[in-house]
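The figures here come from the full heavy-atom set of this structure, side chains too, leaving out hydrogens, waters and symmetry mates.
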Amino acid sequence: MQWTLVIPLKPLARAKSRLADTATDGLRPGLALAFAQDTVAAALACLAVKDVAVVTDDTLAGRELSALGARIVPDTPQSGLNAALRHGAAVVRASRPESAVAALNADLPALRPLELSRVLDAAAEFQRAFLPDAAAIGTTLLAASPGNELAPAFGPDSRARHTASGAAELRLAGVESVRQDVDTGADLRTALALGVGPRTAAVAARLLIPDQ
């Protein structure tokens, strides 16, 4: 089974506010873009991925991610993360109703194509399935096999919310790169230790990353 990934990305000027202790206001948009670029590039290199649709209204991000091969879907609802994901999935399935669709976070700069493939292959066994984040509180990937609605419930405690919605939790070892999203300086240190993509590495080299 090949998947279409739907990746939401808020305007870069408003992204990654929790990294204020690590990146200045002037650097955070570039860091958020680098995260998204490395995430999209790794996703497109995954054999289980057919294509990637990025839901965003940010002009710069749209241009740069389109250059990598992503399809850009305007965030028409402009009503937050879950509305953007529902809209992106609907746009994908308007032309390919039987698509397997998965929502993926845009802030996975250490993403490894082989690890992503393992997660998607495991998700194919279920109608809906999700992968919890490294903190075991949130969600980094939510998958819906053909014929099933994505029904995203991202936000605070999304692991519990996706479980309550009936999605199967994927309990996989060795897929740290798919679980390691970056919201804080500590998250970024962990991602750097795993090994980030080239764009994130270039921006991170300009940062003063605080000690633990």
Would you kindly confirm whether [X] and [Y] end up in one hydrophobic cluster when ILVMFWY residues are joined by side chain heavy atoms under 4.5 Å apart?
| X | Y | result |
| --- | --- | --- |
| Leu172 | Leu142 | no |
| Val54 | Val73 | no |
| Leu33 | Leu5 | yes |
| Leu111 | Val40 | yes |
| Leu19 | Leu12 | no |

Examine distances only and state if a side-chain atom of [X] and a backbone atom of [Y] form a donor-acceptor pair shorter than 3.5 Å.
| X | Y | answer |
| --- | --- | --- |
| Thr56 | Leu9 | yes |
| Thr39 | Ala106 | yes |
| Asp38 | Thr200 | yes |
| Thr24 | Ala20 | no |

Item checked: Any residue meeting ring pair (Phe, Tyr, Trp, His ring centres under 6.0 Å) with Phe130, in chain and number order, not counting sequence neighbours -> His162
Can you tell me how far [atom2] of [Y] sits from [atom1] of [X], rounded to the nearest 0.5 angstrom?
| X | Y | atom1 | atom2 | answer |
| --- | --- | --- | --- | --- |
| Arg118 | Arg112 | CZ | CZ | 14.0 Å |
| Leu116 | Cys46 | CG | SG | 4.0 Å |
| Ile7 | Asn105 | CD1 | CG | 9.0 Å |
| Arg86 | Ser79 | CZ | OG | 8.5 Å |

Residue pairs passing the salt bridge (charged side-chain N to carboxylate O under 4.0 Å, His left out) test where at least one lies in [range], sequence neighbours excluded:
| range | answer |
| --- | --- |
| residues 2-16 | Lys16-Asp107, Lys16-Asp183 |
| residues 130-155 | none |
| residues 48-66 | Asp51-Arg96 |

Do [X] and [Y] have side chains that approach each other closer than 4.5 Å (heavy atoms only, starting at C-beta)?
| X | Y | value |
| --- | --- | --- |
| Arg28 | Thr22 | no |
| Leu131 | Val178 | yes |
| Leu141 | Leu120 | yes |
| Val6 | Leu104 | no |
| Leu194 | Gln180 | yes |
| Ile137 | Arg159 | no |
| Thr139 | Phe154 | yes |
| Pro109 | Val182 | yes |

Check: Is it the case that more than 12 heavy atoms not belonging to Asp157 sit under 6.0 Å from its CG atom?
Finding: no
Item checked: Leu114, CG: over 12 other non-hydrogen atoms inside 6.0 angstrom -> no
Just grab all the ring pair (Phe, Tyr, Trp, His ring centres under 6.0 Å) pairs involving [range], residues at least two apart or on different chains.
| range | result |
| --- | --- |
| residues 95-120 | none |
| residues 17-71 | none |
| residues 7-29 | none |

For [X] against [Y], the heavy-atom pair lying closest together:
| X | Y | result |
| --- | --- | --- |
| Gly88 | Val55 | CA-CG2, 3.8 Å |
| Trp3 | Ala144 | CZ3-O, 3.6 Å |
| Val196 | Ala191 | CG1-O, 3.4 Å |
| Leu150 | Ala103 | CD2-CB, 4.0 Å |
| Ala48 | Ser117 | CB-OG, 3.9 Å |
| Val203 | Ala34 | CG2-CB, 4.0 Å |

Qualifying residues under side-chain hydrogen bond (donor to acceptor under 3.5 Å, both in side chains), relative to [X], sequence neighbours excluded:
| X | answer |
| --- | --- |
| Arg93 | none |
| Thr184 | Asp187 |
| Thr140 | none |
| Arg128 | Ser165 |

Next item on the list: Not counting sequence neighbours, which residues clear salt bridge (Lys or Arg N to Asp or Glu O under 4.0 Å) with Arg161? List them please.
Entry: none
Checklist line | Distance-only side-chain donor-acceptor flag, Glu115 / Ser177, under 3.5 Å | finding: yes
